[in-house]
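To start, the structure under review is shown below, and the notes come after it.
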Number of protein chains: 2
Amino acid sequence: MKPGNPYNAQCPTRLILDRVGDKWAVLLLGLLRKEPMRFNALRRHIDGISQKMLSQTLKNLERDGLVKRHAIATVPVTVEYSITPLGMTLAKAVDPLRHWAETHLKDVQASQRRYDGSQKDAA
Amino acid sequence: MKPGNPYNAQCPTRLILDRVGDKWAVLLLGLLRKEPMRFNALRRHIDGISQKMLSQTLKNLERDGLVKRHAIATVPVTVEYSITPLGMTLAKAVDPLRHWAETHLKDVQASQRRYDGSQKDAA
DNA sequence: CGGGATCCGCATCGATACTG
DNA sequence: CAGTATCGATGCGGATCCCG
């Protein structure tokens, strides 16, 4: 990846897309958007997620300033995550995509079936 | 990944995000949005991409009905790719995200620096 | 409860070579 | 020119164990 590429990976959109493309990030943002949540609560709501990915994704989101972490020094530590104003604006920017997905998914899937059908006689 | 997860991976948004998160898909869509292009022209415009990934990404986009492939039977085969109306609508749905990226990237990066700075004394 | 550290399989991606 | 096929490295992501 030498420098000078017209459309290379360090454009802002690519950078953000990498975050948004993260398997769990948008899901987490979508949950926290509704209400703050604790670590294991998040874990239970998404339970296909491993604690490693949850922890890692939350850390990235926090690093990006999209999510805030509150640690309360109770007897067993209590940690609550909430979305930040910045995170809120991102969540809103993703909405059109969410909407597109819901309205056009069937078109995409129909196209996929057509494509797969026209390919299978090439056996 | 057992079934029954409240927010699991087969929601429409996740499905689309997987496509959009593809490293090159949005880039390609962005190029084809302006004008149809040939295989090697695309390759030259993005040249960090390998021909394998270009071919693969184009095939996926075509399968999803977002891009159309025209093969012209000239002496050396000529193939031109163009965006479809459906692909156009997706490209437009991505625009808010692109805009968010451009306006907030500096905030994100500032947050990252703050975060990294506050962490480094934990050595 | 809220994680960090480690091990490891599996999919992804790049490089190379070959084809029509 | 426009790809396909194969190989090998890399790294994401899951499982498990452990700690404050």
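Below, each value reflects all heavy atoms present in this structure, side chains not excepted, and no hydrogens, waters or symmetry copies. Lettering of chains follows the sequences in order, A, B, ..., and the numbering in each one begins at 1.
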Expressed in angstrom and rounded to an integer, what is the separation of [X] atom [atom1] from [N] atom [atom2]?
| X | N | atom1 | atom2 | value |
| --- | --- | --- | --- | --- |
| B/K23 | C/dC13 | NZ | C1' | 8 Å |
| A/I46 | D/dG13 | CD1 | C1' | 15 Å |
| B/R43 | D/dA2 | CZ | P | 11 Å |
| A/L58 | C/dC1 | CG | C1' | 14 Å |
| A/M53 | C/dA11 | CE | C1' | 14 Å |
| B/L54 | D/dA2 | CG | C1' | 10 Å |
| B/L61 | D/dG3 | CG | P | 13 Å |
| B/R19 | C/dT12 | CZ | P | 11 Å |

Check: residues 26-33 of chain A side-chain donor-acceptor pairs under 3.5 Å, at least two apart:
residue	atom	partner	partner atom	Å
A/R33	NH1	A/D95	OD1	3.3
A/R33	NH2	A/D95	OD2	2.7

May I ask you to verify if any side-chain N or O of A/Y81 is less than 4.0 angstrom from the OP1 or OP2 atom of C/dG3?
->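 For C/dG3, OP1/OP2 do have a side-chain N/O of A/Y81 under 4.0 Å.
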
Does a nitrogen or oxygen in the side chain of B/R38 sit under 4.0 Å from OP1 or OP2 of D/dC1?
->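 For B/R38, the contact criterion (side-chain N or O under 4.0 Å from OP1 or OP2 of D/dC1) is not met.
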
Calculate, to the nearest 0.5 Å, the distance between atoms SG and CZ belonging to B/C11 and A/R98 respectively.
->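 Those atoms lie 7.5 Å apart.
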
Specify the residue among A/V77 and B/P76 whose closest nucleotide of DNA chain C lies further upstream toward the 5′ end.
->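 Here A/V77 is the residue nearer the 5' end.
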
What's touching nucleotides 4-8 of chain D from the protein side, N or O pairs under 3.5 Å?
residue	atom	partner	partner atom	Å
D/dT4	OP1	B/K59	NZ	3.4
D/dT4	OP2	B/S55	OG	2.7
D/dT4	O4	B/Q51	NE2	2.7

Going by heavy atoms in the side chains, are [X] and [Y] under 4.5 Å from each other?
| X | Y | result |
| --- | --- | --- |
| A/N40 | A/Q51 | no |
| B/E102 | A/I16 | no |
| B/L105 | A/L15 | yes |

For the pair A/K92 and A/T89, evaluate side chain to side chain contact (heavy atoms under 4.5 Å, CB included) and give the outcome as yes or no after the intermediate values.
-> CA-CA 5 Å; A/K92 291 202 178 100; A/T89 65; 5.6 Å; no

Near DNA chain D, which residues from residues 67-75 of chain B have a heavy atom under 4.0 Å away?
->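 By residue number: B/R69.
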
Can you check side chain to side chain contact (heavy atoms under 4.5 Å, CB included) on A/R19 and A/D64, steps first, answer last?
-> CA-CA 9 Å; A/R19 293 286 189 264; A/D64 291 350; 2.4 Å; yes

Return each pair, listed once, that meets side chain to side chain donor-acceptor pair (under 3.5 Å) where at least one residue sits in residues 52-62 of chain A; pairs must be two or more places apart or across chains.
->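 Counting only pairs at least two positions apart or across chains, no side chain to side chain donor-acceptor pair (under 3.5 Å) contact touches residues 52-62 of chain A.
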
Can you list the steps and then say if A/M53 with A/K23 is a side chain to side chain contact (heavy atoms under 4.5 Å, CB included)?
-> CA-CA 9 Å; A/M53 289 320 295; A/K23 197 170 180 181; over 6 Å; no

Helical bend (five base pairs per end, nearest 10°) for the helix from C/dC1-D/dG20 to C/dG20-D/dC1 |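 Angle reported: 40°, given to the nearest ten degrees.
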
Residue pair A/V108, A/W100: steps toward the side chain to side chain contact (heavy atoms under 4.5 Å, CB included) verdict | CA-CA 11 Å; A/V108 170; A/W100 190 95; 3.8 Å; yes

Side chains of residues 71-88 of chain A: which donor-acceptor partners sit under 3.5 Å, not counting sequence neighbours?
residue	atom	partner	partner atom	Å
A/T74	OG1	A/P76	O	2.6
A/T74	OG1	A/T78	N	3.4
A/T74	OG1	A/T78	OG1	2.8
A/S82	OG	A/H70	NE2	3.0
A/T84	OG1	A/G65	O	2.7
A/T84	OG1	A/L66	O	3.2
A/T84	OG1	A/L86	N	3.4
A/T84	OG1	A/G87	N	3.0

